[in-house]
Each structure stands twice: as structure tokens, then as C-alpha cells.
Asks: 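Before anything else, here's the structure in question.
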Amino acid sequence: MSATTWVPVIGLEVHCQLGTQTKLFCGCANRFGAEPNTLTCPVCTGQPGALPVLNQHAFDLALRAALALGCDIAPWSKFDRKNYFYCDLPKGYQISQYDRPYCSGGGITLASGKHVRLTRIHMEEDAGKAVHDAGNTTRVDLNRAGVPLIESVTEADMTSSEEAHAYLVALKEILQYAGVSDCDMEKGSLRCDVNISVHPEDEPWRTKVEIKNLNSFRNVSLAIEHEIGRQIAAYEAGAAIAQETRLFDPDRGETRTMRSKENEADYRYFPEPDLPPIPVDAALLERERGLLPEPAAERRARYRTELGLSEYDAGVLTSERGVADFFEAAVRASHDGTAKDLTNLITNELLAGLAGDEIEASTIAELPCKPHQLAELVALTQDGTITKKAARSVVREMMKTGRSPAELVRELGLEQVQDTGQIEAWCRSALEAKPQVIDAVRGGNDKAIGACMGAVMQASGGSANPEAVRDTLLRLIRESD
Amino acid sequence: MTRFESYDATALRAAILAGELSAEQATRAALEAAESRGTALGAFLHVEGDAALARARALDARSRTDGEPGALFGVPVALKANMCLAGSPASCGSRILEGWRAPYDATFVERLLDAGAVPIGATNMDEFAMGSSCENSAFGVTRNPWDVSRTPGGSSGGSAAAVAAGIVPIALGSDTGGSVRQPAALCGTLGFKPTYGRVSRYGLIAYGSSLDQVSPFARSGRDLERVMGVISGADGRDSTCIEAPPLAIEPAPQDLTGLRVGVPAEYFPTDLDAGVRSAVEAGIDELRTLGAEVHEVRLPHTRYAIPTYYVVATAEASSNLARYDGVRYATRATGDGSLQGMIAATREAGFGDEVKLRILLGTYVLSSGYYDAWYGKASRVRTLIARDFETAFGEVDVIACPTSPSPAFALGEKTDDPVAMYLSDVMTVPASLAGLPAASVPCGALERDGRELPVGLQLIGAARDDAGVLGCARALQEARGPVAIAPMEGAAR
């Protein structure tokens, strides 16, 4: 008997918090990490009589996300109430969008060429957070209640954990680049649910299972792998798969039943009477379209073709929009042909510094040194004022203080010695100390000159221009004939 | 009763500004009346004497150079117990909100305070505004000051009784399906439900969000206009509020000459109470005397209004009342210790029967598989009812009809028959569903069991024509003369 080929069918639902200053329906700050219940008001704590008012900026950001993902924007949409009881849901309903989401369609083409279609994206408010203490106590923090979310739902177009992972990475990059969200899974600003089923090749799709509580891309992959295995094993053992919602347990690396279909809540959606329908006019759409940044994939291609960078460098520079923006600002402030030098300083020094403990800033934009200063620094290496090695020490200082490179070069005494008399004196003593170098060079071994170069650079404390030293050494050897 | 207690708000403010009495004296008189007559009627759930007197004294301390005195300077007012005044209880007549104090001011309360009004307390109401007789309050019934064995109507019965008995010249209620117009008719005061969105709902505790409107009671037409001038107008905290400036506080009296008044046959069924019919017809005659032309109009979908209303309002209520879960505020019952158990026990103990009935109805009509047949269909019928009115207002300027099919009924008379109770709103619900402005104006009285009971005439206007309805109401009231203060028949003296 030949083994059955099982085909997984995977769709993703991704919640993404929008990076607004304030919440979706009130003026409270949208900020992670504050003391519990300090970012609240009558509206987001569901006090009797309080009413929601739409934060237009949140809607604008949601539109931008949809445009970045190629969705069709609905000419008007509306909010609905999704009714259920839970202690972290202050009003007993969540304001969401049901049958008239603000956009539909769109999708992402992955690096592999695979296109994953989006069904829709809708806006909704986040719930608060219930913290179950040891014992019998639950504490509720409503700082998150009312934070704006977009929920994007894909078609069931993916067939492996790798594709799901690639989709999430691409989605995160697009949303970050569009300036819609920081997409930080650790802070919960990106959250993912998976819908998954398996079926034998050439057979119809089978029952799907929803997996919740996936708080990292890695856990998404692990949960999918596990669930594919579980479903195949069940079918091969002649068992059935129940339509249900399962929770992923990251400690055990497996999924378990959360609730069966019969126990699914009836959310009793109906139009939110406190909020009028939201029209989208052409002017708003045009404005948002104009604010869309160039996507990461296009930037990567441009860095390779126009600036001559390697695929690796282009990838590192576009890993975050802030880094790419910094890089491009520095390129604009520089002469042509400096892109590689700027790249080296950014990737080897700035990003390494950010990853270390010495620098307080956590993003490149927060660094005290600015792109134009990096351009100035590279210009100083180009005109021979300092060596590239010296530039590295300067940039490390710039990261801490934001002081100008010219000033730091002077202060640290890094200017290259251009004084030919001094360089010649150092070269003569070096050649006297190593007369064998003269013979070797004359014998055609130019590389032998390195031994003397090292001695001269040491004598100069690294400030001699290496090219001038080399030229002087060669001249002296020729002259000593 | 001092002579000032028969003053309307306009006259009382003028008397205070003329130095005939102080704001403190006016407030003290209202507080004393709330204590004596108010207690006999069960009109108030809570009286805030100290806070009211402090506000009144602050007004008296104002110097003459402090700018134009507010439109309600020194006027004591009563607020229905579903309205938020920071620091004051707003129980909505429910155990579930017992002891809860509003943490903020409603927009319309802010505007009242800015105008110099002095809130003296929270008035009794059917629990969460669900009822037509004030008998569904968890804290006791309110009685009709014309005959204390009868209901004042509801749900804003406490505010209606307080104005009718002369405790305060004006009070606010909320009207969802007739909850101000019907008690105004039964208590012999004026009441006005504005166009939906004319007054911000921010701080009005919701029952049926697409229907609720803050609505004033008064004993004069000019007072209705004055209060509306103060509380109306756009509000950035309520997205359903109309983008329009406030109505005029002192508009010129309206000349009714040539006004086209429509009389819909659907509102005069054969079984209409004969006393109500003749009083309303007398009121319509009065309009004719004032120069109006009377025409017949048809509102053919009227008979679907009550079922439509009880689908839409209960659906919204089932969701609006979900927040009373015992988690964040007010009363909590423990239950079996689980979260769902705590929520269920809290709601079981905290809500009264009528509220539970309506939550169940509303939950049912929104349920998966039933939505289209109930809520979806009701929404479509609601559009048909609104179109009836649009058509009628192509032919007439205002519609005149009874406010209530019967005068005040006896306490207990309809408590065991919810459908009979629901039908007492049959004349007021259509304008609510269509979001139209509508007033109830006293138009006469009838005699029942040897006691005189007031009858109200309802004036319904086209959407946003609040000024037209108010002007017509005022003309009718002024033609009929001052509104009498209720005699408190049957109350122990």
C-alpha cells in the first residue's frame, strides 16, 4: 500500500496594534508598560453613560496598512458590536467590524513567488488584560482596553509552516515600513491565530481547527508542525478531527482543546448604534497613498542595482525601516560611491552598538548621532584626513555623544600625518632596521614591504597615511640602488 | 407653598436676578418641597441638599460684573437617575447600580451647570428606563400628584411628578419610546423629545442607544425652549450628535397662522378613551383658533411600531446592559466562585424582572439564525415607519394626536400584563423610531373616580424641526393659560 500524501491547508488571522498616540475611541494614551489601570477613562473602562468617538488617526493608519497590502478600500464601512462576557472586556462587547469591514482583498507575494491572498482586514478595539495570580485571584488591567487593532485574515493559501512563517515575516515588514505598527510580539502588538486542516492529495478539504495563543513566530511554526502531525496521525489511525479551538502550550510544544464548536460563543453581532458609518473620501485615500513609503523589497533591489551593495548588506539595511531610512539619509548627504563605507559603519558599528549594553538607545533613530554626521565622517576618510580604522573609533564616540566627527577627530588626534618629511624619517629608520626588506622588494616580492609598513604605522601611532607610507618606502628602496 | 413655587424657570430666574429672592432661597424651597411632597410621591431616589445649597450660594456670591448670568441662573432642577453628575448617585432605579456614583459629568449636565442651574437630586424611574409606569423601580413606586393612587407614567415618572407637583420648575428625563411624553401627559406637564442627536447622550446611561434622547419637562412652553437652548448642540463626545449650534434660548413666539396641522386617523382608534379623544380634539380646535389649518394624514405603518420598537430597543438594551457584570463597579454577588458564576449571580440578583425579560428578548432577536427574521426585519420596518412621516411632512408642518391612549392608570393595574403596559406607548413609539421631535402639551382633563386627570396632546415635527414643534407647543400652552400645579389628591396632608 502506498503512503498517502497529506496536504496541509493553512490560513492566518493576525491582530496588529496600531501605533497611535491614543486609543481607538477615547483620548487615553496608547502605550505599553505603564502601571496597571493608569491609562484609563470613563470610555475605555465602560462606565455607564460613556460613549465612543472614533480616533481618525487610527482609521488613517488602518487605511495605510490596507493600501500597503494592496487591499480594496470600501467606500464606507461601519462598526458592529461583538457581544460576550469576560472580565477584561469592560463593556461586555467589543467594538469590531462584522459584515462591512473597511477593506477586502489584497495579499502578499512571498520571496518564493507564492502569493498569499488576504480575505479582508477589519478594525476593532483591544480588550484589557486579565492576570490570573496564583490562588484564586484574577487582576484586570484595562490599559490595553480600547487600543486600536487591525485584524487581517488570509485565505487558506499556505501549505507549510515555512510558508506561514515567511508570510508573517513579510507582513510584519510591510506593516512596519508603512509606519502602521511596531509589530513587537513581545509587547503583544502582533498576535496570530492559525486555521489549519489536512487532506489527502486530490481529495476535498477536511475539518479545520483553530489554534490560539501564539505569541512568537517560532511558536506559530511549532504549533503548525505539531498540528499537522496530530491531524495526520488521527486520520491514519481512522479517527476524526473535531472542529474546535485549540491552545498552543509552548512548554510542551503541543496543542490542546480550548473549546469545541458546540461551545463557541454566539457573538450576536449588530451595528454599533453609538458610531455612525465611516465614509472614505477620495482625498483621504490619495493623501494616505502619498504617505506610503517604498516597500522593503523594492528598497533592497534598488540598493543592489543603484548602489552596488551585496544582497546580504541590502538585507541587513532593510531589516528595519528606521535603519533603511537612516542609511538613505546618509547616502543623500554623501558623495557618490560611499554607500559601501556607510553600510560598513552602520552595520558593523551602529547596529552592533545598539545591540550592546553601552548604548542607551534601542533604535537607530534614537541615537544622538545623525545621518549627515555619518556622511561627514565618511567624507573625512575619502579625503585622506583619517583612516577607515580611525573612522570606526570616531563613530563609536559619535554614538555616545552626537558630537561632530571633525571635532572628535581633532580631539582624539586622529588626523593622518601628511608631513612628508616626518613620514620619510620614519621610513628610513624602518628600512635601516630591516635591510632584508630592500633585497626582497628588489627581488620582486612587493608584499615584503608590509613588515616595514607595520613598523612605520606603529611609530606614527596609526596616524600616518598608509598610501603615503607605501609610496615613500618604495621610493626610498628605488633610490637606494 | 411660597408664591415662587408656581413660577416657571423663566420667571424664577428673573425674580432671582431682580433680587426678589436668592438662588439659595429658591434651592431651599425646592429641597423642602422634595422632602415633603417629593417623599409623599416617591419622586426622588436621592436628594443632594448640601451640594445643591453650596452651588446656589456660589451663584449668589457672583458679582454683577461676572458677565451675563446663565439662562437658568439659580433655577433648581431635577435629573432622572440615569444621568451622570460627577460624585452623585445614578442608580437607574436598579439594585445593580446601587451605591454607584458617576465619576464624570454628562455633557448636558455640564451645560446645565454652566447655565447656572442647581441640580437638587436624582428622580425615580423604571429600572434602566424600562417601563411606562415607574413601577419597575427597585426602590419603590412613584405616584401621580393628580391622584396618588395612580401612576405618573414612565419611565421618567419621578421627574414628571416633581415638575407637576411644583417641586422644581423643570426636570430632565430621557425618552426612548415615550418615557418623557407619556408621563408628561399623565402628570399634566409639558414634555419634549428632541430630534435624535439634538442633545448629546454622553453621560445618559444607555437603554436603547439609537432611540434614547435627553428630554425636558416643564410647566411652560418658553421654559421648554429655554432648557433646550441650554442642553442642545453638537458635542465631540457623542458621534451621533447632530452637527448644529444650540437652539435659541429665547426664540420669538410662533404665529400659527397658516400652519398646516396633520391629524392621523391611525392615532384615533375606535377604542380610544372618550375623555382623551374630546380633550385632544379640543386642543386641535385651539390650534385652529390660533390660525392653523387642519388636514387629515395617513401613517399606515403605525401598527407595526410597537413590535418593531420592542425588537430594536431590547436588542440594544441586551448589549448596553452587558457591562453590569460585577467586575468593575457597583454590586457584585459571588456565585460559585468562577468568573461566569460571579457574573451570572450578580446579574440574577441585581436586575429586576422587566429588565431580565427585555435582556432575554434582546438576546433572542440577535441570536445567530434569528437575526434576519427579527432585528434585520425590524430595522427595515423602522425605515418604513420613518418614510410614512416623511410623506406626511410633505403635506403638513406638524402632526397632532394624543400622547397616550388613556389617562393615568391605577398603580398595579397593568403590572401583570406586560403587553398592555407596552401598548401604553403606542402613540409615542412611532416618532421615537423615526427619530423625530415631539412634544406633549396639556390640552384638558377628564374625570375618573371623582378626580381630575390631565390629558396630553402630542405634536410631532419633521426631523430637525425642533424649533417648529417647540414654537407650536408654546403657542398652544400660552393660549390655554398657565399650567396648573397638581393638587396632590389623596396624599396625606
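This is a predicted model, so every value here is computed, not measured. Letters A, B, ... mirror the listed sequences (proteins, then strands); counts begin at 1.
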Asks: Any luck finding a side-chain donor-acceptor pair between His15(A) and Glu13(A) under 3.5 Å?
Replies: no
Asks: Is Asp274(A) close to chain B through its backbone or its side chain, or both, or neither, when contacts mean heavy atoms under 4.5 Å?
Replies: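 Both the backbone and the side chain of Asp274(A) come within 4.5 Å of chain B.
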Asks: Which one of Tyr84(A), Tyr86(A), Tyr93(A) has the most heavy-atom pairs closer than 4.5 Å to chain B?
Replies: Tyr93(A)
Asks: Under 4.5 Å heavy-atom distance to chain A, tell me which part of Tyr202(B) shows up: side chain, backbone, both or neither.
Replies: both
Asks: Is there side-chain contact between Arg259(A) and Lys212(A), with heavy atoms separated by less than 4.5 Å?
Replies: yes
Asks: Using a 3.5 Å distance criterion without hydrogens, assess whether the side chain of Lys80(B) forms a donor-acceptor pair with backbone atoms of Leu204(B).
Replies: no
Asks: Side chain, backbone, both or neither: which part of Ala315(B) has an atom under 4.5 Å from a heavy atom of chain A?
Replies: backbone
Asks: Considering only heavy atoms, which portion of Pro90(A) lies under 4.5 Å from any heavy atom of chain B: side chain, backbone, both, or neither?
Replies: both
Asks: Is there a donor-acceptor contact under 3.5 Å linking the side chains of Arg139(A) and Asn37(A)?
Replies: no
Asks: Determine the minimum heavy-atom distance between Arg332(B) and Val327(B), stating which atoms define it.
Replies: NH2-O, 3.0 Å
Asks: Counting only heavy atoms closer than 4.5 Å, note whether Leu89(A) contacts chain B via side chain, backbone, both or neither.
Replies: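 The answer is the backbone of Leu89(A).
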Asks: Taking Asn136(B) for its side chain and Gly93(B) for its backbone only, find out whether a donor-acceptor pair lies under 3.5 Å.
Replies: no
Asks: Look at the side chain of Tyr104(B) and the backbone N and O of Ala50(A), then say whether any donor-acceptor pair between them is shorter than 3.5 Å.
Replies: yes
Asks: Between Pro48(A), Gly92(A), Pro271(A), who has the most heavy-atom pairs with chain B when the cutoff is under 4.5 Å?
Replies: Pro48(A)
Asks: Pick whichever of Cys84(B), Gly369(B), Ser210(B), Ser367(B) has the most heavy-atom pairs under 4.5 Å with chain A.
Replies: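 The option with the most such pairs is Ser367(B).
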Asks: Where on Tyr196(B) is there a heavy atom nearer than 4.5 Å to chain A: the side chain, the backbone, both, or neither?
Replies: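 Side chain only.
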Asks: For Phe25(A), is it the side chain, the backbone, both or neither that has a heavy atom under 4.5 Å from a heavy atom of chain B?
Replies: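 For Phe25(A), there is no contact with chain B at all, as no heavy atom is under 4.5 Å.
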Asks: Heavy-atom pairs under 4.5 Å with chain A - which of Leu97(B), Asn320(B), Val365(B) has more of them than the others?
Replies: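 Most heavy-atom pairs under 4.5 Å with chain A: Asn320(B).
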Asks: If you count heavy-atom pairs within less than 4.5 Å of chain B, which of Thr138(A), Leu275(A), Asp266(A) leads?
Replies: Asp266(A)
Asks: Quiz question: by atom type and distance under 3.5 Å, do the side chains of Ser200(B) and Arg111(B) form a donor-acceptor pair?
Replies: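 Checked: Ser200(B)/Arg111(B) side chains show no N/O donor-acceptor pair below 3.5 Å.
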Asks: What part of Tyr324(B) gets closer than 4.5 Å to chain A, counting heavy atoms only: side chain, backbone, both or neither?
Replies: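 The answer is the side chain of Tyr324(B).
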